[in-house]
Each structure stands twice: as C-alpha cells, then as structure tokens.
Amino acid sequence: MSILITGATGYLGSKLTQLLADRGEAIRILSRTEQNITLFDRPEISIIRGDILDRESLKKAMEGVSRVYHMAAYARLWAKDPYTYQAINVEGTRNVLDAALAAGIQKMVHTSTAGVVGPSGEKPMDEDMPKIAGFFNLYEKTKSEAEQISMDYARRGLPVTIVNPSRVYGPGMDTGSNPFTKIVELYLQKKWHVIPGSGNDIGSYCYVDDVIDGHILAMEKGRNGERYLFGGVNASFNQLLEIISKQSGIQNNLRHIPFPLLLLFSKYQVFLADISGKAPRITPEWVRKYEYNWALDSSKAVRELGYRIRPLEDGIKLTIEWVKKTRLNLETLPLKQA
C-alpha cells in the first residue's frame with residue numbers, strides 16, 4: 001500500500017517525501033504543475049496531477065493508499081486574495097479528510113502549526129494550556145479551524161493525529177515558509193542587520209530533521225484525535241543571532257528596530273503590495289507576534305512519540321554548513337576556534 005503526501009513540494013513535505021522514498025516506501029504525491037517534479041523523478045514516487053481543492057484528483061490519489069500525511073497549506077505572510085487561506089487551509093483540509101474517510105485509510109497525520117496555541121505567559125505553552133491571546137493572522141486562524149475539522153473526523157472514526165511544528169529551520173527548499181533558514185543565509189552574506197524590538201522575545205526553534213522524524217513517529221505512535229507540539233529550543237532572537245555569529249565566525253553590525261517603526265514599515269509594505277501584487281517583506285500581523293514570547297513545552301511529544309530536540313548550536317552549525325555549500329557555493333566553513 002502507498003503513502004499519500006499532500007504538500008510534497010513544500011519545505012517539510014519535500015524532505016519527508018525523500019526520506020520515506022529512501023526507506024523504500026511507495027510514495028504518491030499531488031502536483032498541480034511541473035515545478036520541482038525532477039526532484040521526485042525516482043521509482044518509489046508516483047505523481048498524480050491535481051491538488052487538494054480538486055475532489056476528483058484526491059479521490060484518485062487515495063486509491064490503494066493506507067496512510068496520508070496532509071502537509072499542504074498556505075503558510076506565506078500575505079495573499080493577494082485573503083480567501084486563499086480559507087480555501088487551502090480549511091476547505092482543502094476538509095476535502096482531504098473526506099477523501100481519506102471514503103477510502104478507509106489506516107492513519108492520517110495532519111500538519112498544523114504551533115501558532116494555534118498562541119503566545120506563552122510565565123510558562124511555556126503545552127497542548128492543554130488555555131490561550132492568552134487571540135490569533136495574530138489568517139494563517140493561524142485558518143489552521144486552527146482545520147484542526148477542529150480534523151478533530152471532528154477523528155470522532156467520526158478516521159484515525160487522525162495532529163502535529164504542530166514551531167519555528168522550523170535547517171536545510172531545505174526555499175519556499176517562503178522557512179524564514180529562519182533565510183536569516184542564516186542573509187547573515188552569512190552580511191545582509192542581515194536587524195533585531196526586532198529588544199530581541200528578548202522567546203521563540204521555539206526546531207531543526208527540520210527533528211520535525212520530519214516527528215512526523216514519522218506520529219504516524220507510528222500518535223494517538224487518534226491528539227495534538228503534539230513539535231517545539232525546539234526556547235531561545236530569544238538575540239540568542240539566535242549570537243549563535244549564528246559564533247558558529248559562522250561573522251560579526252555583523254546589528255540594530256534594534258523599535259516595534260512602532262517596524263509596524264509603520266510593515267504597513268507601507270502592505271500598501272505597496274496591494275498596488276503591485278508583489279508580496280510584502282513583512283506585515284503588521286506578523287510584526288505584532290514578536291511583541292510576545294512563544295516558548296513551547298514539547299514534553300508530550302517526547303514522552304509519547306520519542307520526539308527529539310536537537311541543541312540549537314548543533315542545528316545552526318549544520319544549517320550554516322549547508323547554506324555555504326548549496327546557496328553560497330562555498331566548500332569550507334570558517335568556524336571561529338574556541
């Protein structure tokens with residue numbers, strides 16, 4: 001029996017697809033275009049033309065499938081048509097769930113986001129703590145709606161486990177949904193000089209390979225109707241940049257930009273985007289997130305799934321090495337000696 005992966009051309013989906021194919025699994029993916037198809041040109045992977053908004057292509061894709069990883073989502077900062085978030089993240093998920101239920105699949109893992117649990121207070125957030133703030137953007141709102149729909153299907157008998165990655169970084173395709181890897185790249189090029197606000201806000205930084213392994217563990221061990229937070233090391237933005245500097249041996253001049261100024265800049269960016277149709281660098285909704293802490297407690301995933309969290313320094317070092325070799329075409333890494 002095959003494994004269907006939606007969103008296989010994305011940052012996480014492409015890495016999961018390759019890893020499962022390397023293990024000899026028969027993989028089926030949905031694709032709307034020829035883009036990135038050469039990446040999947042191997043006998044273990046078959047391609048079905050279509051997408052999650054096309055019910056007929058989903059029905060065809062589910063034939064002979066025993067497991068589904070639903071990873072397709074619209075995760076970008078901005079959409080020219082705001083309904084794009086609702087269409088892909090909510091209605092698309094409903095279509096996948098309908099097709100999976102009709103096909104009688106054995107297990108589905110639905111990739112959500114840690115953003116749905118909201119910012120943290122005095123303690124890191126876990127799966128059961130009440131939210132202390134509302135949603136900051138349409139991405140979080142629609143992903144939360146999609147989770148609720150998945151939970152409903154779980155109660156109807158479809159075996160669904162939900163996983164919630166936080167700030168993922170590490171090697172992988174530049175799809176616009178891995179901004180922290182992009183920060184590493186820009187820092188190495190001496191093009192990153194900004195710290196939002198004080199830089200003391202806490203985020204949970206998880207290495208991409210840990211998140212991919214977590215997906216496979218969730219397929220094997222995840223309980224039906226349960227959510228698992230895939231966080232990483234809880235660190236401030238200042239600490240993140242300090243580690244990038246230490247591991248690269250590069251010392252950039254960094255400037256703290258006050259939030260009011262960032263908000264003004266982001267509003268101008270959206271104004272330009274509305275005129276040109278070109279995506280803004282940042283939006284006011286995403287700026288406001290950095291006024292809060294986003295620490296996570298992934299104990300449940302560690303305890304029940306065997307999820308592992310890589311030390312931030314180790315993950316950043318690997319990311320720097322990969323960026324230098326694949327993005328900057330450099331073979332050696334001039335690490336600062338301890």
Should [X] and [Y] be regarded as members of a common hydrophobic cluster, given that ILVMFWY residues are connected when their side-chain heavy atoms come within less than 4.5 Å of each other, either directly or indirectly?
{"X": "F135", "Y": "W286", "result": "no"}
{"X": "L318", "Y": "V168", "result": "yes"}
{"X": "L186", "Y": "I257", "result": "yes"}
{"X": "Y205", "Y": "L254", "result": "yes"}
{"X": "F259", "Y": "L264", "result": "no"}

Summary of ring-ring contact (aromatic ring centres under 6.0 Å, His included) pairs that have at least one residue in residues 84-105, sequence neighbours excluded: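 Those involving residues 84-105 are Y74-Y85.
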
Qualifying ring-ring contact (aromatic ring centres under 6.0 Å, His included) pairs with a residue from residues 261-280, counting only residues at least two apart or across chains: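 Every candidate ring-ring contact (aromatic ring centres under 6.0 Å, His included) pair involving residues 261-280 fails, so no pair, neighbours aside, qualifies.
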
Enumerate the salt bridge (Lys or Arg N to Asp or Glu O under 4.0 Å) contacts for [range], please, sequence neighbours excluded, ordered by first and then second residue.
{"range": "residues 107-130", "value": "none"}
{"range": "residues 223-240", "value": "E147-R227, R223-E226, R223-E304, E226-K300"}
{"range": "residues 7-22", "value": "K15-D209, D22-R42"}
{"range": "residues 255-283", "value": "none"}

Is a donor on one side and an acceptor on the other found under 3.5 Å between the side chain of [X] and the backbone of [Y]?
{"X": "S266", "Y": "I282", "result": "no"}
{"X": "S14", "Y": "A8", "result": "no"}
{"X": "Y187", "Y": "N252", "result": "yes"}
{"X": "S245", "Y": "I250", "result": "yes"}
{"X": "T161", "Y": "G222", "result": "yes"}
{"X": "E91", "Y": "I88", "result": "no"}
{"X": "N253", "Y": "H193", "result": "no"}
{"X": "H110", "Y": "I162", "result": "no"}
{"X": "D213", "Y": "R308", "result": "no"}
{"X": "R28", "Y": "E63", "result": "yes"}

Spatial distance of atom [atom1] ([X]) from atom [atom2] ([Y]) [nearest 0.5 Å]:
{"X": "R310", "Y": "D210", "atom1": "CZ", "atom2": "CG", "answer": "4.5 Å"}
{"X": "K141", "Y": "E285", "atom1": "NZ", "atom2": "CD", "answer": "13.0 Å"}
{"X": "E145", "Y": "L138", "atom1": "CD", "atom2": "CG", "answer": "9.5 Å"}
{"X": "L305", "Y": "S298", "atom1": "CG", "atom2": "OG", "answer": "10.5 Å"}
{"X": "S2", "Y": "I105", "atom1": "OG", "atom2": "CD1", "answer": "13.0 Å"}
{"X": "L19", "Y": "I27", "atom1": "CG", "atom2": "CD1", "answer": "9.0 Å"}

Salt-bridge criterion met for E313 and K246 (N-O under 4.0 Å):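 Judged by the 4.0 Å cut-off on N to carboxylate O distance, E313 and K246 do form a salt bridge.
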
Residues E56 and K59 bridged, charged N to O under 4.0 Å: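 So E56 does not pair with K59 through a salt bridge.
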
Return the minimal non-hydrogen interatomic distance between [X] and [Y], and the atom names on each side.
{"X": "F230", "Y": "C206", "value": "O-SG, 3.6 Å"}
{"X": "A73", "Y": "K143", "value": "CB-NZ, 3.6 Å"}
{"X": "Y307", "Y": "G214", "value": "CD1-CA, 4.1 Å"}
{"X": "T6", "Y": "A72", "value": "OG1-N, 3.2 Å"}
{"X": "S31", "Y": "I47", "value": "CB-CG2, 3.9 Å"}
{"X": "T319", "Y": "P171", "value": "OG1-CD, 4.2 Å"}

Worked check of side chain to side chain donor-acceptor pair (under 3.5 Å) between T111 and H215: CA-CA 8 Å; T111 306; H215 276 74; 2.8 Å; yes

So do the side chains of [X] and [Y] get within less than 4.5 Å of each other, counting heavy atoms only?
{"X": "L97", "Y": "T93", "result": "yes"}
{"X": "W322", "Y": "T181", "result": "yes"}
{"X": "P284", "Y": "V270", "result": "yes"}
{"X": "L16", "Y": "L12", "result": "no"}

Derivation and outcome, side-chain contact (heavy atoms from CB on, under 4.5 Å), residues V65 and M1: CA-CA 5 Å; V65 166; M1 299 287 279; 5.9 Å; no

K131, NZ atom: more than 12 neighbouring heavy atoms under 6.0 Å: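 Counting neighbours around NZ of K131, more than 12 heavy atoms of other residues, nucleotides or ligands fall under 6.0 Å, so yes.
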
Which residues satisfy the side-chain contact (heavy atoms from CB on, under 4.5 Å) test with [X], sequence neighbours excluded?
{"X": "S57", "result": "L30, D54"}
{"X": "I183", "result": "F180, W192, F237, L241, I244"}
{"X": "D81", "result": "Y83, T84"}

Trace of the side chain to side chain donor-acceptor pair (under 3.5 Å) decision for N234 with S204: CA-CA 4 Å; N234 295 321; S204 191; 3.2 Å; yes

Residues clustering with V116 (ILVMFWY side chains joined when closer than 4.5 Å, directly or via others):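 The other cluster members (ILVMFWY side chains, heavy atoms under 4.5 Å, direct or chained) are V117, M125, M129, L229, L296.
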
Test log, rule side-chain contact (heavy atoms from CB on, under 4.5 Å), inputs N200 and N238: CA-CA 6 Å; N200 291 324; N238 286 330; 3.1 Å; yes

Y169 vs Y207, ring pair (Phe, Tyr, Trp, His ring centres under 6.0 Å): CA-CA, chis, key distance, verdict: CA-CA 5 Å; Y169 71 96; Y207 188 68; 5.6 Å; yes

Qualifying side chain to side chain donor-acceptor pair (under 3.5 Å) pairs, either residue in residues 95-106, two or more places apart: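 The answer is R55-N95, R55-D98, D98-Y153.
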
Sequence neighbours excluded, every pair satisfying side chain to side chain donor-acceptor pair (under 3.5 Å) that has a member inside residues 287-297: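 The answer is E140-K289, D297-S299.
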
Residue pair I29, L4: steps toward the side-chain contact (heavy atoms from CB on, under 4.5 Å) verdict: CA-CA 6 Å; I29 67 173; L4 174 65; 5.8 Å; no

Verdict with reasoning, V68 to I3, per side-chain contact (heavy atoms from CB on, under 4.5 Å): CA-CA 6 Å; V68 175; I3 299 173; over 6 Å; no

